[in-house]
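Keep in mind the model is a prediction, meaning the values are calculated, not measured.
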Amino acid sequence: MENDKKSSGSPFKKRKMTPERLKNIALYYLERFDSSADNLRRVLNRRVFGYAQENADFDRRQAADWIEDIVADFERVGYLDDARYAESKICAYLSAGKPERWIRQKMKQKGIADDITDKILAAAETDEEKAAENFARRKKIGPFRKSEEEQRLCRQKDMAAMVRAGFGYETARNIVGGEFFDEGI
């Protein structure tokens with residue numbers, strides 16, 4: 001029995017990759033996660049790549065065609081909608097205090113077109129100062145530190161954290177200075 005194991009470490013051979021199997025993998029993924037078309041394409045390509053590594057005679061070009069057909073079908077029936085996906089993600093990121101620059105980068109990573117991102121961000125009327133305030137409150141930096149002494153000592157560190165998070169220098173300076181904050185919030 002021990003000799004039957006593959007050298008890859010897994011005692012099981014991967015199930016045969018077919019268009020139906022890929023479609024089932026895509027449906028199962030979409031049951032658990034909302035996704036952009038490009039992201040689903042990457043997920044399916046990873047599965048095909050893993051199968052192709054174990055099966056040298058498998059035609060990955062044919063599987064790429066299957067994936068394109070699946071993505072096109074899912075977009076046609078409404079399982080995949082990049083605009084809907086982007087809108088839900090952008091709203092969540094904005095409420096979490098993420099800066100616009102960070103959001104744009106994240107949407108690019110997920111394969112969302114710039115024009116979709118621009119349209120949603122314009123409609124959302126993002127307020128970078130408010131997002132920076134939410135970020136500072138969540139991270140307990142700037143005016144949200146325990147004491148004024150700690151605020152003064154950590155000013156540079158707090159500024160660096162804000163800029164690394166994607167906020168502009170002026171916004172970070174306004175937040176860390178804390179002059180416009182209402183402490184009752």
Side-chain angles (χ1 to χ4, degrees), residues 25-47 49 67 70-72 74-185:
I25 290 169
L27 285 171
Y28 182 66
Y29 183 80
L30 290 176
E31 282 178 4
R32 295 177 296 144
F33 309 106
D34 198 12
S35 180
S36 66
D38 194 50
N39 189 56
L40 181 64
R41 199 174 281 118
R42 278 193 297 262
V43 167
L44 295 177
N45 276 319
R46 276 196 308 266
R47 292 295 292 265
F49 180 75
I67 291 170
I70 290 168
V71 169
F74 283 11
E75 285 177 326
R76 186 178 44 78
V77 296
Y79 293 165
L80 290 174
D81 183 358
D82 284 355
R84 181 189 67 220
Y85 171 77
E87 187 173 3
S88 70
K89 286 297 187 181
I90 288 173
C91 287
Y93 293 148
L94 288 172
S95 66
K98 299 295 184 186
E100 187 176 319
R101 187 179 312 152
W102 186 91
I103 292 170
R104 287 182 184 283
Q105 184 63 34
K106 197 65 154 173
M107 292 294 101
K108 275 186 199 253
Q109 290 172 355
K110 294 295 182 179
I112 303 297
D114 289 340
D115 60 326
I116 294 173
T117 304
D118 292 341
K119 190 169 110 179
I120 294 169
L121 285 172
E125 298 177 11
T126 60
D127 180 10
E128 188 164 336
E129 293 281 332
K130 187 68 175 164
E133 180 183 342
N134 290 342
F135 177 81
R137 181 177 287 117
R138 201 174 69 247
K139 295 292 185 179
K140 295 181 175 48
I141 61 176
F144 298 102
R145 288 197 176 272
K146 292 179 182 177
S147 67
E148 285 186 30
E149 177 68 19
E150 190 178 350
Q151 287 176 24
R152 190 178 56 71
L153 292 173
C154 297
R155 186 173 195 285
Q156 286 299 107
K157 180 179 175 183
D158 293 349
M159 290 276 295
M162 298 281 297
V163 171
R164 276 193 310 273
F167 296 103
Y169 176 78
E170 286 299 316
T171 304
R173 192 174 63 134
N174 290 342
I175 297 295
V176 172
E179 296 151 7
F180 70 95
F181 276 79
D182 179 10
E183 290 296 321
I185 295 176

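- Counting only heavy atoms from C-beta outward, the side chains of Asn134 and Lys98 never approach each other to under 4.5 Å.
- A ring pair (Phe, Tyr, Trp, His ring centres under 6.0 Å) check over residues 88-122, counting only residues at least two apart or in different chains, returns the pairs Tyr93-Trp102.
- One distance of note links CD1 of Ile90 with OG1 of Thr117; it measures 5.0 Å at 0.5 Å rounding.
- Distance CG/Asp38 to CG/Asp82: 8.0 Å, rounded to 0.5 Å.
- Under the rule for a side-chain contact (heavy atoms from CB on, under 4.5 Å), the partners of Glu75 that lie at least two apart in sequence or sit in another chain are Ala37, Val71, Leu80.
- Here the CZ atom belonging to Arg173 is positioned 12.5 Å from the CE atom belonging to Met162, to the nearest 0.5 angstrom.
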Side chains of residues 105-116: which donor-acceptor pairs under 3.5 Å do they make with residues two or more places apart or in other chains?
from: Lys108; atom 1: NZ; to: Asp114; atom 2: OD2; distance (Å): 3.4

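- In this view, Arg101 satisfies the side-chain contact (heavy atoms from CB on, under 4.5 Å) rule with no residue, not counting sequence neighbours.
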For Ile175 and Glu129, run side chain to side chain contact (heavy atoms under 4.5 Å, CB included): C-alpha distance rounded to whole Å, both residues' side-chain angles, the deciding distance at 0.1 Å, then the answer. CA-CA 8 Å; Ile175 297 295; Glu129 293 281 332; 4.1 Å; yes
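- The side-chain contact (heavy atoms from CB on, under 4.5 Å) search around Arg76 returns Asp73, not counting sequence neighbours.
- Counting only residues at least two apart or in different chains, ring pair (Phe, Tyr, Trp, His ring centres under 6.0 Å) contacts with residues 152-177 comprise Phe135-Phe167.
- Looking at residues two or more places apart in sequence or on another chain, you find no salt bridge (charged side-chain N to carboxylate O under 4.0 Å, His left out) involving Arg47.
- Residues Tyr29 and Leu44 form no side-chain contact, since every pair of their non-hydrogen atoms from C-beta on lies 4.5 Å or further apart.
- Interatomic distance, Glu87 CD to Ile120 CD1, rounded to the nearest 0.5 Å: 5.5 Å.
- Partners of Glu100 by salt bridge (charged side-chain N to carboxylate O under 4.0 Å, His left out), not counting sequence neighbours, listed by chain and number: Arg104.
- Separation of atoms CG (Leu94) and NZ (Lys89) is listed at 13.0 Å; rounding is to 0.5 Å.
- Taking the side-chain contact (heavy atoms from CB on, under 4.5 Å) definition, one finds that Gln156 meets it with nothing, sequence neighbours left out.
- Within the 4.5 Å cutoff, the side chain of Lys139 has no heavy atoms near those of the Arg145 side chain.
- Between Ser35 and Val43 there is no side-chain heavy-atom pair separated by less than 4.5 Å.
- Judged by distance alone, the side chain of Asp158 and the main-chain N or O of Ile141 form no donor-acceptor pair under 3.5 Å.
- Here the closest heavy-atom approach between residue Phe74 and residue Ala26 is recorded as CE2-CB, 3.5 Å.
- In this view, Glu149 and Arg152 satisfy the salt bridge (charged side-chain N to carboxylate O under 4.0 Å, His left out) rule, not counting sequence neighbours.
- Scored by the ring pair (Phe, Tyr, Trp, His ring centres under 6.0 Å) test, Phe49 finds no partners at all (sequence neighbours excluded).
- For Tyr85, there are no ring pair (Phe, Tyr, Trp, His ring centres under 6.0 Å) partners, not counting sequence neighbours.
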